[in-house]
Amino acid sequence: MTSRSSVTYLRATRVQFAPVGLARFVVALALAAILAPAPAAAQIDVVIDASKTGPKIERHLFGQFAEHLGKGIYEGVWVGTGSPIPNTRGIRNDVVEALKAIKVPNVRWPGGCFADEYHWRKGIGRDRSVTLNPNWGGVTEDNTFGTHEFMDFLGQIGSEAFLSVNLGTGTPQEAAEWLEYMTASPETTLGKERAANGRNEPYKVAFLGIGNESWDCGGNMSPEYYLSQMKIYSRFVRNFNPAQQDAQQMLRIAVGPGGSGPRWTEWTETIMKAWQRHTWSWDIEGLSLHNYTVVDWNAKHKSVGFGEAEYSQILKTTLEMDRIINEHSAIMDKYDPGKKVALVVDEWGAWYAPLPASNPGFLVQQNSLRDAVLAALNLNIFARHADRVRMANIAQMVNVLQAMILTDKEKMVLTPTYHVFKMYVPFQDATFVPVTFDAGTYTSGNVTLPRVDAIAAKDAAGTLWIALTNIDPNRPADVAVRLAGTGAVAAAGETLTAAAVDAVNTFEAPRAVAPKPISAKVQGDRLALTLAPKSVTVISVR
Ligand code: AHR
């Protein structure tokens, strides 16, 4: 993002200076201020040269995170075969249909903190153990949604598995046996057990997360201690699927930092320094980064019923993602200039105060237009770092934190964040195209932000896609795009906005925040369009 300008808007108010008293002069000034039209915001000039391309924007940047937490899995995904809610083998059909439409590339499961207390054997076979979920509300966990149900769910939505294995309370042997159970041929004892449980063919496990937040809920380990454990898991937790030996190898993702500053840079340094000198016997292909958008962990913002001040504060905080990625990328570049190890932002999103009357351990929050803008800004940051950031997982998919979908028994509603993910589908696996623009500024109180944001990409068919966000909640933005390297004839797409920054979709009004068609005026190599205040727009150029 180029945020060069600090444009000062000068109000051209003519005040007649006559020999009057000071009081009259002040009144005249005040009146002039009231009557003068709102200052016209400067046009945003965007230059896109479609002949210049950057890295691929991996589809895995649009991944989801689904933890056994509150109603994220139970009710949100799994209702059971006997449920009156329409389902396929216990998995709700409405949620599957909605997720198919956003082409979820991977789902991280079963946690989160839950993963470091998860014992996979309790979730297979006929007799499932009933355990507890001490991290999240202390509720019972009946393990009816286990390995086979998760893989069935992925099959139904057309997604890939990102398994987080238990490095906290588990052992390398337990994790190794889970992978053997899932991926070995049915000739082995574990493969035979899998087949007896209904799946003959080995499963594909695309990604393996080695622990979760091992610096905190995952065991409060030092980086050195975690490193010694991680090497063992990296070595012994194998994938035996014949189809994943040469091509489509499982990618191993180590626990990485949880923010910015010395504690976190030390973590990244320790892992990456060791990785640079790693021997044949262990390796990783990814380093995780967790970064939630929270202004104050002790006084979290509300997810609904807020105003412009909270809107701008949250967006200011979310833009920190760029600096945090830069901080860790610089360390990674030092030890891995070839960018072999991906930075995987496998937990991100807004974390607000739980909705009143909800179980605070269930992390239930509403999802507003602010979250749509926030999602677009983060996806743009990831795209700009696509050479290093090759995977990300928003927290979380259904009913938890910044969710795509909210459910209440048989009811389901798609959130504003869902719509952004849907609008951004064309960016999955597209090639990044550099964009130059002067973002201008938007100021609210003591918060100053860039006024607009933009990214562009070219898909496999050669179509150019442009995503534009107008952060300013008060002023529309006139955007003039100069296109080089493409002969545009038409440009159209969708825009997402609403009357208020805290507008939400509810079961009663499910389309209060929903995309609407938008078109741009095209003249030669120029496009002109107006972005509504607080909006996200995606257009294609043909
Ligand atoms: O997403 C909720 C929790 O946040 C996850 O379980 C944990 O990894 C993180 O602290």
Side-chain angles (χ1 to χ4, degrees), residues 63-74 76-77 106-118 131-139 141 145 150 162-170 207-221 226 230 253-260 263-264 267 286-298 300-301 303 317-318 321 324 343-355 358-365 367 371 374-375 378 391-406 415 417:
Q64 299 284 330
F65 172 34
E67 179 166 15
H68 286 234
L69 192 175
K71 294 186 173 174
I73 296 290
Y74 297 110
V77 172
N106 71 81
V107 181
R108 179 171 180 255
W109 176 85
C113 301
F114 181 83
D116 274 314
E117 291 180 77
Y118 184 64
T131 54
L132 290 171
N133 189 337
N135 282 293
W136 305 118
V139 293
E141 161 64 60
F145 190 89
F150 175 60
F162 177 2
L163 279 194
S164 263
V165 293
N166 181 345
L167 184 139
T169 61
F207 305 101
L208 185 82
I210 305 179
N212 172 74
E213 298 193 354
S214 305
W215 31 260
D216 202 351
C217 74
N220 199 227
M221 301 170 189
Y226 171 74
M230 181 270 277
I253 298 158
V255 169
S260 106
R263 179 182 177 202
W264 304 116
W267 189 283
L287 181 73
S288 139
L289 165 68
H290 287 186
N291 180 43
Y292 285 97
T293 300
V294 184
V295 176
D296 181 352
W297 282 100
N298 298 316
K300 295 193 199 77
H301 278 225
S303 58
T317 306
T318 218
M321 180 68 90
I324 296 171
L343 187 59
V344 176
V345 191
D346 55 4
E347 286 189 31
W348 69 273
W351 189 320
Y352 301 122
L355 285 182
S358 68
N359 180 335
F362 283 11
L363 310 186
V364 183
Q365 61 190 46
N367 194 296
D371 299 304
L374 182 154
N378 279 279
M391 187 160 165
N393 300 75
I394 189 166
Q396 299 193 6
M397 192 168 65
V398 188
N399 289 334
V400 177
L401 299 176
Q402 191 175 345
M404 305 293 113
I405 294 172
L406 302 175
T415 66
T417 301

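Please read these numbers as outputs of a predicted model, since none were measured by experiment. Atoms within each ligand, like the ligands themselves, are counted from 1 in listed order.
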Using the test salt bridge (Lys or Arg N to Asp or Glu O under 4.0 Å), find all partners of Glu347 that sit at least two apart in sequence or belong to another chain.
Arg108

For a 4.5 angstrom cut-off between non-hydrogen side-chain atoms, does Cys113 reach Glu67?
yes

Would you say that Leu167 contacts Met221 through its side chain, given a criterion of any heavy-atom pair below 4.5 Å between the two side chains?
yes

Note, Trp267 side chain near Val255 side chain (heavy atom, < 4.5 Å)
yes

Name all residues meeting the side-chain hydrogen bond (donor to acceptor under 3.5 Å, both in side chains) criterion together with Tyr352; count only those two or more places apart in sequence or in a different chain, and write none if there are none.
Arg370, Asp371

Across all chains, not counting sequence neighbours, the ring-ring contact (aromatic ring centres under 6.0 Å, His included) partners of Trp351 are Tyr292, Trp297

Ligand 1 N/O to protein N/O, distances under 3.5 Å:
from: ligand 1; atom 1: 1 (O); to: Tyr292; atom 2: OH; distance (Å): 2.7
from: ligand 1; atom 1: 1 (O); to: Gln396; atom 2: NE2; distance (Å): 2.9
from: ligand 1; atom 1: 4 (O); to: Tyr292; atom 2: OH; distance (Å): 3.4
from: ligand 1; atom 1: 4 (O); to: Glu347; atom 2: OE1; distance (Å): 3.2
from: ligand 1; atom 1: 6 (O); to: Glu67; atom 2: OE1; distance (Å): 2.7
from: ligand 1; atom 1: 6 (O); to: Glu67; atom 2: OE2; distance (Å): 3.0
from: ligand 1; atom 1: 6 (O); to: Cys113; atom 2: N; distance (Å): 2.9
from: ligand 1; atom 1: 8 (O); to: Asn212; atom 2: OD1; distance (Å): 3.3
from: ligand 1; atom 1: 8 (O); to: Asn212; atom 2: ND2; distance (Å): 3.0
from: ligand 1; atom 1: 8 (O); to: Glu213; atom 2: OE2; distance (Å): 3.4
from: ligand 1; atom 1: 8 (O); to: Glu347; atom 2: OE1; distance (Å): 3.1
from: ligand 1; atom 1: 8 (O); to: Glu347; atom 2: OE2; distance (Å): 2.7
from: ligand 1; atom 1: 10 (O); to: Glu213; atom 2: OE1; distance (Å): 2.8
from: ligand 1; atom 1: 10 (O); to: Glu213; atom 2: OE2; distance (Å): 3.2

